[in-house]
Amino acid sequence: SNDYVKMWKDLGLDIDAHDALLGVLGNAYTDIYLAQKNRPEGMDYFNFVMSEVHGLRIKELIDEKAQGRKIIGSYCVFVPEEIALAANATLIGLCSGADFAMEEVEKYLPRNTCALIKSAMGFKLGKVCPYLEASDMVVGENTCDGKKKAYESLGELMENLYVMDLPQMKSTQGRALLRAEYERFKDAVEALTGVKIISESLKSAIQTVNAKRSALHRLAKLRKADPAPISGLDALLANQVSFYDNPARFTESVNKICDELETRIAEKKGALPEKTPRIIVSGCPMAVPNWKFPWIVETSGGVIVGEESCVGERGCRNLTDDSGESVEQMMEAITDRYYKVDCAIFTPNQDRLNHITEMVEEYQADGVIHYGLQFCQPYLMESIPVEKALEEKDIPTLRIETDYGMEDVGQLKTRVEAFIEQL
Ligand code: BJ8
């Protein structure tokens with residue numbers, strides 16, 4: 001609508017480039033999502049969210065801003081939403097799931113940078129992301145070397161970049177660093193919003209985020225059923241949308257889908273037929289609109305029953321203890337919760353290997369596909385021990401390496417089909 005165009009212009013978006021992006025996004029959604037059969041009716045909510053992803057949700061954020069609320073954008077699940085919410089700010093995950101303005105990007109980053117980082121840079125340079133432009137503060141983090149160094153360049157293109165340091169080892173010192181960084185972040189957020197975090201607001205923020213994550217857990221557990229009541233594509237979408245939707249509304253919508261899935265399970269109704277080979281996908285996060293790989297799997301004879309990913313269980317499986325009385329106690333609980341995230345930037349990272357094996361058992365998976373983005377050192381390196389650990393348990397494993405381009409779809413499909421056939 002015209003109102004939206006005005007809103008996008010006010011945010012400083014490049015309207016032509018943005019139209020092009022929305023066109024691609026809309027087509028991909030139609031071809032990949034709407035083409036699926038046997039979807040739960042509750043997915044209508046997500047169809048609506050996606051059709052309004054740069055419209056209604058952005059309008060809501062602009063309205064929040066008009067009322068004095070601040071918007072914080074983040075690129076990593078280490079940035080605690082609890083702290084943002086407690087200071088009356090909204091946290092948005094800035095997705096980086098599509099190539100954009102690649103020629104421009106390569107003036108800032110080497111060609112052999114992972115697609116996720118290039119995408120983040122491309123959305124800024126191309127002026128096409130309303131979430132990024134609506135953010136009052138953008139949080140970068142020292143995770144992989146690629147991101148760490150890319151934020152130096154990104155910081156030159158924006159005034160409001162805040163960089164969080166993160167540990168690389170799960171040690172006493174590592175935890176202390178995380179705790180100190182969360183305190184520094186809390187101070188920065190309070191300075192941004194002018195709102196002091198108190199125990200009541202922090203407790204209520206923890207409960208809001210826990211409720212959201214619990215709804216995602218509930219959805220995940222229902223995928224244990226055979227036939228799987230929901231496709232991996234649809235479950236991934238729920239995880240993706242959790243990063244920018246209103247948390248309370250999101251929680252309610254996911255719980256509604258879960259009610260429907262329970263009925264489906266009782267009726268043995270599946271998104272894909274019973275006995276479809278069941279796959280766990282493990283590895284790099286898949287941000288909107290990166291649906292390429294799950295689409296390949298689920299059109300090649302498999303069904304994805306779990307994501308060992310930050311857009312999946314790695315990102316949401318742990319809850320934060322909300323029993324603390326003081327801000328101090330709850331900040332400790334938040335630190336404990338995030339400290340468990342088993343990202344491949346940590347060394348060693350045995351928890352992740354254990355968790356993948358656990359997921360295979362829990363979801364009765366027939367095999368694991370390790371999804372690595374090209375040039376992502378942490379996950380590509382770790383894919384080798386992952387494969388070894390799984391092979392030791394006789395769990396069939398396939399390692400793939402790809403990017404956001406469509407050139408390798410045929411070749412990937414051939415490999416995935418061959419893998420699924422032998423399960
Ligand atoms: S906690 S996974 S969201 S850092 S794919 S940019 S690692 S080169 S995304 Fe991540 Fe936080 Fe970890 Fe999760 Fe680098 Fe690899 Fe690119 Fe990556």
Side-chain angles (χ1 to χ4, degrees), residues 73-81 91-99 105 108-124 138-154 163-170 174 177-178 181-182 185 213 236 239-240 242-244 281-288 290 292-293 307-318 334-335 337-349 351-353 355-356 370-384 386 399-405:
S74 130
Y75 293 106
C76 177
V77 299
F78 268 103
V79 180
E81 185 174 7
L91 188 85
I92 295 291
L94 297 169
C95 54
S96 313
D99 290 337
V105 169
Y108 289 83
L109 302 172
R111 186 172 283 258
N112 58 351
T113 304
C114 95
L116 221 145
I117 298 173
K118 279 188 184 165
S119 169
M121 189 63 125
F123 281 18
K124 181 66 202 171
V138 176
V139 186
E141 17 53 53
N142 295 340
T143 43
C144 63
D145 283 352
K147 283 216 245 182
K148 186 169 74 185
K149 297 307 284 182
Y151 292 128
E152 292 177 11
S153 310
L154 202 59
V163 178
M164 180 181 279
D165 199 13
L166 287 181
Q168 304 196 345
M169 289 183 88
K170 305 275 174 90
L177 172 62
L178 192 64
E181 281 298 285
Y182 284 172
F185 179 60
R213 292 186 178 134
L236 172 68
N239 276 286
Q240 289 175 332
S242 75
F243 285 88
Y244 54 85
V281 174
S282 168
C284 294
M286 292 174 191
V288 174
N290 177 15
K292 171 178 146 180
F293 194 67
E307 297 76 25
E308 191 282 314
S309 162
C310 282
V311 186
E313 290 210 3
R314 190 187 317 125
C316 73
R317 72 179 157 126
N318 297 306
I334 289 171
T335 308
R337 188 264 164 208
Y338 285 88
Y339 185 64
K340 288 189 204 130
V341 174
D342 44 8
C343 173
I345 61 138
F346 282 95
T347 180
N349 196 28
D351 282 356
R352 178 165 172 244
L353 304 197
H355 182 224
I356 301 171
H370 192 282
Y371 171 83
L373 281 174
Q374 227 171 4
F375 311 123
C376 167
Q377 265 191 343
Y379 283 92
L380 292 178
M381 288 262 187
E382 206 163 275
S383 72
I384 294 167
V386 165
R399 285 193 287 134
I400 68 117
E401 196 180 319
T402 186
D403 58 15
Y404 293 167

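Read the numbers this way: they start at 1 and go in the same order the structure lists the ligands and their atoms.
Here Gln377 has no heavy atoms under 4.0 Å from ligand 1, in either its backbone or its side chain. When non-hydrogen atoms are compared, ligand 1 lies under 4.0 Å from the side chain of Pro285 (C-beta onward) but not from its backbone. Contacts between Cys310 and ligand 1, counted as non-hydrogen atom pairs separated by less than 4.0 Å, involve the side chain only.
Near-neighbour remark for atom 16 (Fe) of ligand 1: protein N, O or S atoms under 2.8 Å are Cys114 SG; waters not counted.
A cation-pi arrangement, defined by a distance under 6.0 Å to the six-membered ring centre and an angle within 45 degrees of its axis, is absent between Lys292 and Tyr404.
Looking at atom 12 (Fe) of ligand 1, its nearest protein heavy atom turns out to be Cys343 SG, 2.3 Å. Of all protein heavy atoms, the one closest to atom 11 (Fe) of ligand 1 is Cys76 SG, 2.3 Å.
Under the side chain to side chain donor-acceptor pair (under 3.5 Å) criterion, Asp351 pairs with no residue at all, not counting sequence neighbours.
Under a cut-off of 6.0 angstrom, the local environment of OH in Tyr108 is sparse, with at most 12 non-hydrogen atoms contributed by other residues, nucleotides or ligands. At most 12 non-hydrogen atoms from other residues, nucleotides or ligands lie less than 6.0 angstrom from NZ of Lys149.
Taking the six-membered ring where tryptophan is involved, the planes of Phe293 and Tyr371 are tilted, since the angle between them lies from 30° to 60°.
The shortest separation from a heavy atom of Ile345 to ligand 1 is not under 4.0 Å, leaving the residue out of contact.
Judged by distance alone, the side chain of Ser119 and the main-chain N or O of Ala98 form a donor-acceptor pair under 3.5 Å.
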